[in-house]
Undergrad: 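Structure incoming, see below.
All residue numbers in this chain count up from 1 along the given sequence.
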Amino acid sequence: MGDTEGPDAGEGDGNGPYARGISMPVCNICPYPVYTDEARHVKMQGTVTLRVLVGTDGRAAQIRVVRGVGYGLEDRAVETVRGWKFTPAHDADHKPVATWVTIEAVFRLF
């Protein structure tokens, strides 16, 4: 999977989310991020893309902003995802493993 070649093709380490025999983590408690007043005032809409390392304990261990939209929405997305609770990924032996995932926080005004 991905756009590179090889047995574990794609972005990340060989033990990454698309390595053979590793399941994906599942978010169990994942509330939506809240708009900032500034973003709501200028009616900003968009998607913040995050790269998140989900640890073996089911918590977001590292969070990196891949793409943002400004007006403080990146910080809100990071704060929110930091509080999410996941069922961690498991390897072929059903042991929890840390795994990188991509999360998109979509901000839409209705």
Side-chain angles (χ1 to χ4, degrees):
M1 186 172 267
D3 56 1
T4 59
E5 296 182 11
D8 293 320
E11 183 181 337
D13 301 328
N15 295 332
Y18 301 114
R20 291 180 301 276
I22 296 180
S23 68
M24 292 297 293
V26 176
C27 185
N28 298 319
I29 301 173
C30 33
Y32 294 112
V34 178
Y35 259 91
T36 60
D37 291 336
E38 183 182 15
R40 188 179 308 281
H41 178 71
V42 298
K43 299 180 180 169
M44 172 56 71
Q45 297 188 105
T47 302
V48 175
T49 304
L50 304 173
R51 191 88 166 119
V52 179
L53 178 64
V54 177
T56 57
D57 61 354
R59 295 185 179 269
Q62 296 178 31
I63 302 173
R64 299 178 185 158
V65 176
V66 175
R67 184 178 3 181
V69 293
Y71 299 98
L73 296 179
E74 295 85 2
D75 293 335
R76 287 289 172 96
V78 169
E79 289 171 20
T80 302
V81 171
R82 192 176 315 280
W84 285 8
K85 305 289 188 280
F86 295 86
T87 299
H90 291 87
D91 63 11
D93 294 330
H94 301 288
K95 295 179 184 173
V97 294
T99 306
W100 285 98
V101 294
T102 301
I103 295 174
E104 292 184 338
V106 179
F107 291 89
R108 295 276 182 253
L109 292 171
F110 296 101

Undergrad: Return all side-chain donor-acceptor pairs below 3.5 angstrom for residues 103-110, not counting sequence neighbours, or 'none' if the list is empty.
TA:
none

Undergrad: Tell me if a side-chain donor or acceptor on Lys43 pairs with a main-chain N or O of His41 at a distance below 3.5 Å.
TA: no
Undergrad: I'd like to check Tyr71 versus Arg40 (side-chain heavy atoms, cut-off strictly below 4.5 Å). Are they in contact?
TA: no
Undergrad: Any donor and acceptor pair, going by atom type alone, linking the side chain of Tyr35 with main-chain N or O of Met44 inside 3.5 Å?
TA: yes
Undergrad: Is the closest side-chain heavy-atom distance between His90 and Lys95 below 4.5 Å?
TA: no
Undergrad: If every non-hydrogen atom of Pro31 is compared with every non-hydrogen atom of Thr80, which pair is closest and at what distance?
TA: O-CG2, 3.2 Å
Undergrad: Between Ala89 and Thr99, which heavy-atom pair has the shortest distance, and what is it?
TA: CB-OG1, 3.1 Å
Undergrad: Could I get the full list of side-chain hydrogen bond (donor to acceptor under 3.5 Å, both in side chains) partners for Thr87, not counting sequence neighbours?
TA: Asn28
Undergrad: Which pair of non-hydrogen atoms, one from Thr56 and one from Pro88, has the smallest distance, and what is that distance?
TA: O-CG, 3.4 Å
Undergrad: Would you say the side chain of Val66 lies within less than 4.5 Å of the side chain of Thr102, judging by non-hydrogen atoms?
TA: no
Undergrad: Say whether Ile63 and Met24 are linked into one hydrophobic cluster, either directly or through other cluster members, by side-chain heavy-atom distances under 4.5 angstrom.
TA: yes
Undergrad: Could you tell me which residues satisfy side chain to side chain contact (heavy atoms under 4.5 Å, CB included) with Val34, sequence neighbours excluded, listed by chain and number?
TA: Arg76
Undergrad: If every non-hydrogen atom of Val101 is compared with every non-hydrogen atom of Pro25, which pair is closest and at what distance?
TA: CG1-CG, 3.5 Å
Undergrad: Supply the atom-to-atom distance Arg64 CZ to Thr49 OG1, rounded to the nearest 0.5 angstrom.
TA: 15.0 Å
Undergrad: Do Tyr32 and Val69 sit in one hydrophobic cluster, given that two such residues count as connected whenever their side-chain heavy atoms are within less than 4.5 Å of each other, even indirectly?
TA: no
